[in-house]
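One structure is given here, and the rest of the page talks about it.
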Amino acid sequence: MQRTFDVREGEYHRVFLMQLNIFLIIFTLLIIKPVVNAQFVSVIGIDQLPLVFVLVAVFAMVVSTIYSKALSTNSLRKVTSATLYVSVFCLLGFGLLLHFGIATNITLYALYIGVAIFGVLATSQFWIMANLVFDAREAKRLFSFIGAGPIVGGVAGGYVASVVASYIEGTNLLFLGAFLLCFCIPLNRVIWKKHIQQLTPIQSKKRFSDFGDHPLWLIRKSKHLTYLALVIGLSVLISKLVEFQFSSIASAQFTDPDELTSFFGFWFSTFNVVSLLIQLFLTRKIVGTYGVGTSLFALPGGVLLGSLILLFSPMLWAAIFTKLWEVSVKQSINKSATELLSLPIPAAIKSQTKSFIDVFVDLAATGIAGLFLMFLVNGLDLSVRWVSVLTIVIVAIWVWVAIKVRHEYVNSFKLKLTQADKEAKKALPDFNNVSVLEGLKRALASGSENQILYVLDKVREIPDKRMFDNVVELLGHSSARIREKALACLYFLEQTVEQPQLEQLLHDVDMEVRYKAFAQLLRQTKQQRLTIINEYLQHSDPKVSGAALVGLSEDARNNPELQKLLKIEGRIQDKLSFLKLAETEEDRFLYQVMVLRAIGNANILALYNEIETALYHENKRITKEAIKAAGLTMSPYFVPKIIAFLEFKDTRPVAQEALLFYGEGIIKELQTYAQEETSRLELIWRLPEVLEKIDSANAVKALFGFLDTPDVALRLEALRSINAIQRDFPHLKIKKEDIVERVMEESNLYKNMLGALYQERQLLPNEISEEIQAARTNLVNILERRLDGTLERIFRLIGLRYPPEDVITAYNGIRSVNEHVRLNSVEFLDNLLEPALKKTLIPIAEGALFESISSETIQGLQVKIPDERVYFSMLLEGRDPKLKMAVFRLIEALGNKSYASLVKPLIQSKNEKVRKEAEKVYAALLA
């Protein structure tokens, strides 16, 4: 099994269960689908097929909405089980109604619609579950093998229906379908219990993320995605037209429902067989040789030929040819070409839009096809020949869109490569008149470092074995990042590298390259794996033995059975015993690193104490490695411990990297940490910097949540991060509806602080006491800095509503030392802003022009000068500890006992410094 399909120890159970599950689903679907189609066109009539297309689209949309709401309030496990139970009972019910001839017409309508919806929901649920059962690396390696399950199920189901329908009444096949589907229920239960239930919420979130912004918004924003969705939608539209012609001509040929069931069953399976043969032997050659642009025309070309034949000679063989071409080429060549067309699209956008395009665009196109057919067949009473005319017209539109999407693909690729390295001195590779494969090869051969890294990421997304030689050449690249990424790509390309070349990389100067080299050596070793593992683990060079242990632990990650078989924990314990025996400090460091990384990869709970101890090691290099290892575990236990290292500059980057390894699941953990009263503000302020690096709509929501906190420093950091997300991930939707309201809130805060600052400045020259004067000066200085921060927050908020580059120009101009530049910036802002904002912000911008705050400025802003007690109360109610400490110092210097009531509530503060200072000042006032 491993030698042929690369299914490894510890994976057999999962793979078998998942493959059997999808086999049964598709097997059942292909048994009942011929029955449904045959019964519908025979009993109700082919002229009602357009109507049912429309009804399928409408009811599927309704069911999908209900399904989504069910998922938001219930677990996926419950919803999945409920779907299977409902499907079984519906099949039994429909079978009984048809068997006894009760409400036959209504039953057939409901059955046709229900089977169509079941096909969408059941397969969608399966792949969601598959993404939870397998991590990303396993999925890339195993999904093609698991995908054999639905292919075999599709082939077998149709042929079984074809044969059985000759001996029993076709409607009885519904009972067989219900019987087969019953086996999926306990199968699902076992899969959830054995392979999903033990996942933490963080692991589940990393393997399968929720949808963020509505995919329609993302599609509309991108020309590339719009054309791609149109290509797919038009292909579905043509598919339905061809299906109508196929069913219409077949129903005229076979009047007996059981004969028609047998016919449909045979040809549905045959279509799948031909599709599989094309996929195995022709797809890569055609797409690789002729490129995406030309490959896209294979499907419309054959359909056009078939439609022309049907137009002049609507014979059964012509209908079979057209349907055969449409089904087989669509599922093979066209599917591969479409996948390659999506290559320049960021992975996060693809994951959010794929299901929408596959389901909702498909349903919308089905409904449109039904409307077109109703107009032609039912409305104008035209023959099936005229459907060919409509098909030919849509094929022409399809070809035009295909040309557009190919052009957009080239432009997108060029843009992405330019963005990958804007300062690249090398000219971009020529993508004109070449296939996508050749374009990728040219980029790898002549691109800059960042461009090569970008393309390697794309190779990982859609691995093509013909890229193997180009990737192998990069193993000798001068950049360690490229060598490491190239080795990671080889894992997905599933090809063998010469062993001497990998052995040389085991001595590479870069630690990460050594780890990936052994992981590749392990992956491609089919025989005597344990012998090779032991040989390298016992190597005298700690660089080599370390690479072996880490590579081994990475290979066995999320695979407890393989970990037991390879005795990972015991091997780590053996290496721990070598720490004290290491001859040099460097060797000791290498042993320590390999142990920490192996524990993190294998996520061995019993050895967490080794990571925790190393987090506080006197050697900073070991501390950094321990932080990485803690992140690799993806354990919630280590989250607050990693966050603590965000405070220091030297450990901040590695702590961010460790937190980001948790994936999207870290967002909830960071939000929880920020809400805990015991969390230090200095650390909370660092959280937005982590969130801004997560390509997720949930990260945007979390940052906007921080804007609702009273902590002005956190609000500023959150705004900086939202601006960064807007720059780095422009596809993430920033909701701008409440921006004006937030600008008004910040403007009012600015005015209040300005009033406090003005009052303090007025009082400062009159102070005789040096202690009070020093305290007031300190408070003035802090208020000035906070005022600058508030002004920055205001402009960062405006930058979410208007072009950021314009707002940044205006903000920098207002802060310029050149008076002429500042005046021009205010004028520019006056022309940029809408009236509601202009009325509030222009006076603030004009006030910011002057070094000192005059009474005219205060009057112009309509600022009320607060009483000292009022603004003391306002500052003490906030979450800014520095402002609180400054106010405490001033209150203590003033010695006014009436202020004791302002200080007293702060004695209960969760902030230790604030609490102790409040206790001290309160005691002094009462003395």
Side-chain angles (χ1 to χ4, degrees), residues 33-54 56 108 112 158 162 165 234-272 274-275 297-331 334 365-399:
K33 188 175 179 181
V35 178
V36 174
N37 287 17
Q39 290 290 324
F40 188 89
V41 298
S42 298
V43 176
I44 296 181
I46 192 67
D47 58 328
Q48 294 303 305
L49 195 57
L51 174 61
V52 86
F53 283 170
V54 176
V56 165
L108 285 173
Y112 195 107
S162 177
L234 288 169
S235 69
V236 173
L237 180 56
I238 289 177
S239 175
K240 294 301 176 184
L241 297 179
V242 171
E243 180 182 338
F244 175 80
Q245 287 182 298
F246 175 71
S247 299
S248 178
I249 295 172
S251 63
Q253 187 79 18
F254 301 97
T255 55
D256 181 70
D258 292 336
E259 288 184 7
L260 190 57
T261 297
S262 181
F263 172 81
F264 281 148
F266 173 81
W267 280 107
F268 286 165
S269 288
T270 303
F271 296 155
N272 283 317
V274 175
S275 177
F297 299 119
L299 181 55
V303 171
L304 178 61
L305 175 62
S307 297
L308 287 171
I309 296 172
L310 285 168
L311 178 62
F312 296 104
S313 179
M315 305 293 288
L316 182 61
W317 67 267
I320 291 173
F321 165 78
T322 309
K323 184 64 178 174
L324 174 64
W325 186 278
E326 184 271 324
V327 172
S328 58
V329 176
K330 180 182 177 182
Q331 293 179 359
N334 194 73
T366 299
I368 293 170
L371 292 173
F372 280 159
L373 289 169
M374 287 173 66
F375 175 73
L376 281 178
V377 178
N378 302 87
L380 301 179
D381 196 25
L382 297 175
S383 69
V384 72
R385 291 172 183 262
W386 286 94
V387 178
S388 294
V389 176
L390 178 60
T391 304
I392 292 168
V393 172
I394 296 174
V395 165
I397 298 172
W398 189 1
V399 170

- prompt: Donor-acceptor pair, Ser328 side chain versus Ser275 backbone, under 3.5 Å?
  reply: no

- line: Tightest non-hydrogen contact, residues Glu243 and Tyr112, listed as OE2-OH, 3.3 Å

- prompt: Is a donor on one side and an acceptor on the other found under 3.5 Å between the side chain of Asn378 and the backbone of Asp47?
  reply: yes

- request: Heavy atoms only: give me the nearest Val303-Trp325 pair and the separation to one decimal.
  value: N-CD1, 3.8 Å

- request: Verify, without hydrogens or angle tests, whether Ser307 (side chain) and Ser388 (backbone) share a donor-acceptor contact under 3.5 angstrom.
  value: no

- request: Taking the side chain as every heavy atom from C-beta outward, state whether Leu316 and Phe263 have any pair of such atoms under 4.5 Å apart.
  value: yes

Shortest non-hydrogen contact between Phe268 and Lys33, atoms and distance: CE1-CG, 4.2 Å

Shortest non-hydrogen contact between Phe321 and Gly302, atoms and distance: CE2-O, 4.1 Å

- prompt: About how many Å separate CD1 of Ile320 and CH2 of Trp267, when rounded to the nearest 0.5 Å?
  reply: 4.5 Å

query: What distance separates Thr261 OG1 from Phe254 CZ, expressed to the nearest 0.5 Å?
result: 11.5 Å

message: I want to check something: taking the side chain as every heavy atom from C-beta on, are Val52 and Gln48 in contact at a cut-off of under 4.5 Å?
response: no

query: Are any of the side-chain heavy atoms of Val387 and Phe372 separated by less than 4.5 Å?
result: no

- prompt: Looking only at heavy atoms, which two atoms of Ile249 and Ala319 are closest? And how far apart?
  reply: CD1-CB, 3.7 Å

- line: When rounded to the nearest 0.5 Å, the distance separating CG of Leu310 from CH2 of Trp386 is 15.0 Å

query: When rounded to the nearest 0.5 angstrom, what is the spacing between NZ in Lys240 and CD in Glu326?
result: 9.0 Å

- prompt: How far does CD of Gln39 sit from CG of Asp258, to the nearest 0.5 angstrom?
  reply: 7.0 Å

- prompt: Between Ser162 and Gly158, is there a donor-acceptor pair closer than 3.5 Å when you use the side chain of the first and the backbone of the second?
  reply: no

message: My understanding is that only one of Leu304, Ile309, Val242 makes a side-chain contact (heavy atoms from CB on, under 4.5 Å) with Thr322; could you say which?
response: Val242

From Glu259 atom CD to Phe264 atom CZ, the distance as rounded to the nearest 0.5 Å: 12.5 Å

Nearest atoms (heavy-atom pairs only) where Ala318 meets Ser313: CB-O, 4.0 Å

query: Okay, side chain of Ser251, backbone of Ser248: is any donor-acceptor separation there less than 3.5 Å?
result: yes

